[in-house]
Amino acid sequence: MNPEELKTLRALLGEDFSLKEIEEMAQQDPGLLSSASVLSEALRIPKAGTPPLSPNFTAKLLGALPMRSPWLRGWEGLFNWKSLSWVGAAAAFFGLAYLGYQLIQAPEPPIAQVQEQKLQKVHFRTHPAQAQSVSVAGDFNQWVPWPLTKQADGSFAGEWEIPEGSYAYSYLLDGNRWVPDEARGNTIEDGFGKKNTLLNL
Amino acid sequence: LKTILEPETAAEWEWVRLCQKGDREAFAALVDLHKSWIHAHLYRWVQQRELAEDMTQEVFLRAFARIKKFRGEAKFSTWLFQIALNMARDHWRSAERRKSDPRSMEEGELADTATPSAETQLGEGQSRRRVFGALQGLPEIYRETLMLRYYSELSLDEICQIQGQGLSNVKMRIARGLGHLRKKMEEQKDES
C-alpha cells in the first residue's frame, strides 16, 4: 500500500487503528480502499451542525412532568389504562418484530451463488463452557451472525448449505465474544489480535 | 460533542441527589446542563429535527422517572447517553421494519446544516441521504457501531464502554461495518 492510499484509509479509520490493522483491512476488503475517500467525505458531512432546541424546551419538559413524585408515579403508571395500552402495543410490536427477525435470519445462500456454485451442507457444533446463545458468522454470510440452536446436551448446533469455497469464520458467544471453532482447527489471524477458523469446501 | 467520559462536577452530583428527592429545580438544572449534547447525538442518529427534539424530551422524562434507581455506578452523563441510545435502537429497529425510504425524508431536514454554496448544499444533502439510508440497512451491530464512531464521534474507548465490548471487537465491527456500508451504497447506486 502506498503512502497516499494509507493516508486515505487513515482519514476514514482514525489514528486509533495501527498501520498493520489498516493494511490487513485493505487486504481483506480491497474495495474499501477505492471507496475510502468517498466514505470518509460522506461520513464527515453529518458533523456540520445540529439545529437548536426550541427556546422553551426546559419549560415544556417541566410542564410534562408528573405532579407527584417520580417513584409514586412509577407504581401508579403501571396500573393506569393508558400505560397498559402502551405496554400492550409495545409488546405486540416487539413480538411481531421478533418473529420478523427470525424469518429474516433464516439462512439462504445468495441466488447467484446457488446457480453458479455447488452447495455443501456444513454442520456447525460447539459446546462452550459458559454461553447463553451462540451464533456463527463468517465470510459465507458476510459476518452477519446465524443463530445456532441449543441442544439437549448443552451444545449449540446448526446446519446450512454453503457454496463451495474458502471462508474464515468464528462463533459469536452471547453476542459479544468471538471464538474460533476449536473442533475444526485450522485457524488464521483476523488482523485484530484474534483468530478465525478457516473452512475449505 | 460532549464526551461521555467527562467527569461530573460537584454541583451536578448535588443536583442528582436533590432530584432523587423530587426537587424539580435541580432537575431543570440537570436538563439545562445536558439537553444540548443529548439532542445533538439524537439528531445525528435520526436526522429529523422534530423527532430528535421529541426523543430528547422523552430521554429526560424517562430519566426523571428512573432517577431514584441511579446509584452512581456509571457517570450521570453515561447513564443519560444509554437511555438516549436505547431510544435510538428502538427507533432504528422500527424504521427497519417499516423499511422507510430515506429518500422520503424532508429536504429541509437534510439541508439545514449544510455549507453556504447551493451546489454544495445539494450535493451534501444527497450524500447524507445516501449514507444515512445505507446505514439503516446494515445489521444492527454494525449500524450502531458506525453511528457511534462517525456520527457521534466517540472514541474507541467510549464505544467499548457503551457497548460493553473489547477493543478488538469494536475495531472488527468498524472494519466489517464499513465493508457492509460500501456494498450497500454500491447496491443503491446500481438500483438508481
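None of the values given here were measured: they were computed from a predicted structure. Just so it is clear, the values below take in all heavy atoms, side chains as well, and ignore hydrogens, waters and symmetry mates.
- Shortest non-hydrogen contact noted between B:H39 and A:P52 is CE1-C, 4.3 Å.
- Taking 4.5 Å as the limit, every side-chain heavy atom of A:L61 sits out of range of all side-chain heavy atoms of B:K35.
- Remark: side-chain polar atoms of B:Y150 are paired, donor with acceptor, to backbone N or O of A:L12 under 3.5 angstrom.
- One distance of note links CG of B:N169 with CG of A:L172; it measures 8.0 Å at 0.5 Å rounding.
- A 6.0 Å sphere centred on CD of A:E182 holds no more than 12 heavy atoms belonging to other residues, nucleotides or ligands.
- Rounded to the nearest 0.5 Å, atoms NZ (B:K171) and CD (A:E21) are 3.5 Å apart.
- Rounded to the nearest 0.5 angstrom, B:R93 CZ and A:F93 CZ are separated by 9.5 Å.
- Heavy-atom distances place both the backbone and the side chain of A:D16 under 4.5 Å from chain B.
- Within 6.0 Å of CD in B:E25 there are 12 or fewer heavy atoms belonging to other residues, nucleotides or ligands.
- Here the shortest heavy-atom pairing between B:A28 and A:L62 reads CB-CD1, 3.7 Å.
- For the set B:L138, B:D90, B:T56, B:L167, the entry with the most heavy-atom pairs within less than 4.5 Å of chain A is B:T56.
- Looking at B:I174, the atoms closer than 4.5 Å to chain A (heavy atoms on both sides) all sit in the side chain, from C-beta outward.
- The contact between B:Q57 and chain A is made by backbone and side chain atoms together, counting heavy-atom distances below 4.5 Å.
- With respect to chain B, the highest number of heavy-atom pairs below 4.5 Å among A:P145, A:S54, A:G14 belongs to A:S54.
- A:G31 and B:R182 get closest at one heavy-atom pair: O-CD, 3.1 Å.
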> Yes or no on side-chain contact (heavy atoms from CB on, under 4.5 Å) for B:F60 and A:T58, after CA distance, side-chain angles and deciding distance?
Replying inline: CA-CA 10 Å; B:F60 285 105; A:T58 306; over 6 Å; no

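- Between B:L178 and A:L13 there is a side-chain heavy-atom pair separated by less than 4.5 Å.
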